[in-house]
Amino acid sequence: MPELPDVELFKKYLDSTSLHQTISRVDILNEDIIKCNPESLRDKLEKNSFQKSHRYGKYLFIKITNIDFHLVLHFGMTGFLKYYKNQEKKPDHIRVLFSFANNYKLAYDNQRLLGEVNLTHSINSYLKEKELGPDALEIDFSNFKEILKNRKAAIKAVIMDQNKIAGIGNIYADEILYQNSIHPEQQSNTLSRAKIKKLYQTMQDILKIAIKYNAEPDNFPDDWIIPHRKEGELCPRCGGNIKRIKVYGRGTYICPECQSID
DNA sequence: TAGTTTGTTCGTGG
DNA sequence: ACCACGAACAAACT
Ligand SMILES: [Zn+2]
């Protein structure tokens with residue numbers, strides 16, 4: 001689930017449910033996912049509230065009132081947020097549970113423990129520490145072009161590299177390259193300026209449209225590859241067979257008819 | 001059973 | 001410095 005569009009939707013969800021409410025209690029149900037001192041996490045949050053959130057790449061930062069700290073959330077592959085009151089609405093793999101004075105709760109759920117819950121004084125210093133590249137929706141064209149021109153690696157590896165561009169994961173990388181008829185293994189520095197220009201535009205369009213459609217593959221236009229990202233499916237643009245290959249260590253779906261290396 | 005899955009990080013070669 | 005690859009982390013499903 002959690003690539004840039006998903007995390008942007010988590011941000012909107014958090015903003016519309018959980019801001020400006022006193023946090024009465026923090027339950028840590030799994031300590032492995034907490035990358036700071038669990039005691040200090042409870043300490044910093046209880047009696048304060050969530051003030052304002054910021055998304056950067058796949059990270060969500062939430063400013064805590066009264067103190068100079070942000071809560072940091074990363075969702076790994078299976079993380080999400082759930083705001084609820086009744087126990088029957090409780091999700092299955094809650095790792096951290098924030099309870100509010102109004103008796104509602106915000107759950108950080110994450111089946112696999114690949115995410116992160118952390119604290120930081122400064123978003124900027126945190127980003128620097130992680131060496132994250134510019135956010136995919138914020139990066140300007142000349143910067144994008146320089147990054148692509150300076151790498152010899154497969155284009156898919158470059159756009160997925162969070163240290164170069166933050167926010168794109170395995171699923172949306174496939175979509176972006178498919179809609180540009182670019183083979184994911186094409187060397188980044190061999191792309192023409194015109195192809196890079198179109199890639200840049202499509203990348204931002206796809207991410208924005210995905211947000212608009214709630215990052216729900218069933219809602220996506222049928223000529224996208226994401227709803228057909230399975231072996232045995234047919235390419236919605238040419239009818240060819242969708243093929244699975246491995247690029248950058250990840251399962252990668254392409255239409256060999258539409259996507260070629262040039 | 002082995003391989004797969006929306007992610008990140010670390011190590012080993014080249 | 002860059003690049004390719006694999007493993008590890010973890011849990012559930014084919
Ligand atoms: Zn095709």
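Values below: every heavy atom of this structure, side chains too, minus hydrogens, waters and symmetry copies.
Checked by distance alone, A/Arg250 brings no side-chain donor or acceptor within 3.5 Å of a matching partner on the base of B/dT5.
For the pair A/Phe75 CZ and C/dC9 C1', the computed distance is 19 Å after rounding to whole Å. Between A/Tyr59 atom OH and B/dG7 atom C1' there is a gap of 9 Å when expressed in whole angstrom units. If you measure from atom CD1 of A/Ile171 to atom C1' of B/dG7, you get 12 Å, rounded to the nearest angstrom. In this structure, CE of A/Met160 is placed 15 Å from C1' of C/dA4, rounded to the nearest angstrom. Rounding to whole angstrom units, CD of residue A/Gln111 and P of C/dC9 are separated by 18 Å. One can place CG of A/Asp32 at 14 Å from C1' of C/dA8, the figure rounded to the nearest angstrom. Between the CG atom of A/Asn110 and the C1' atom of C/dA10 there is a distance of 10 Å, rounded to whole Å. In this structure, A/Asn163 places its CG atom 7 Å from P of B/dT9, rounding to the nearest Å.
For A/Arg95, taking side-chain heavy atoms from C-beta onward, the closest of the listed nucleotides C/dA11, B/dG7, C/dC3 is C/dA11. In the set C/dC2, B/dT5, C/dA10, B/dT5 carries the atom at the smallest distance from any side-chain atom of A/Arg244. Across C/dC3, B/dT8, C/dA11, the shortest atom-to-atom separation from the side chain of A/Gln162 is found for B/dT8.
Using a 4.0 Å heavy-atom criterion, one finds that A/Gly169 contacts the sugar-phosphate atoms exclusively.
An OP1 or OP2 oxygen of C/dA12 is reached within less than 4.0 angstrom by no side-chain nitrogen or oxygen of A/Arg112. Look at A/Lys130 and you won't find any side-chain N or O under 4.0 angstrom from OP1 or OP2 of B/dT8. Taking 4.0 angstrom as the limit, A/Lys152 places none of its side-chain polar atoms (N or O) nearer than this to OP1 or OP2 of C/dA4.
Both A/Ala157 and A/Leu114 lie close to DNA chain C; mapped to their nearest nucleotides by heavy-atom distance, the more 5′-ward contact belongs to A/Ala157. If A/Tyr248 and A/Gly251 are placed on DNA chain B by their nearest nucleotide, the residue sitting closer to the 5' end is A/Gly251. Each of A/His74 and A/Lys246 lies near DNA chain B, and the nucleotide nearest A/Lys246 is the one positioned closer to the 5' end.
One side chain, A/Asp222 or A/His228, offers a donor N or O that lies under 3.5 Å from an acceptor on the other. A side-chain donor-acceptor contact under 3.5 Å links A/Asn170 and A/Lys156. In the model, A/Asn86 has no side-chain atom that pairs as donor or acceptor with a side-chain atom of A/Tyr84 under 3.5 Å.
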Given side chain to side chain donor-acceptor pair (under 3.5 Å), test A/Asn37 with A/Glu39 step by step and report yes or no. CA-CA 5 Å; A/Asn37 183 326; A/Glu39 280 309 318; over 6 Å; no
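Ion pair A/Glu8/A/Lys12 flagged as a salt bridge, since at least one NZ, NE, NH1 or NH2 atom sits closer than 4.0 Å to an Asp/Glu carboxylate oxygen.
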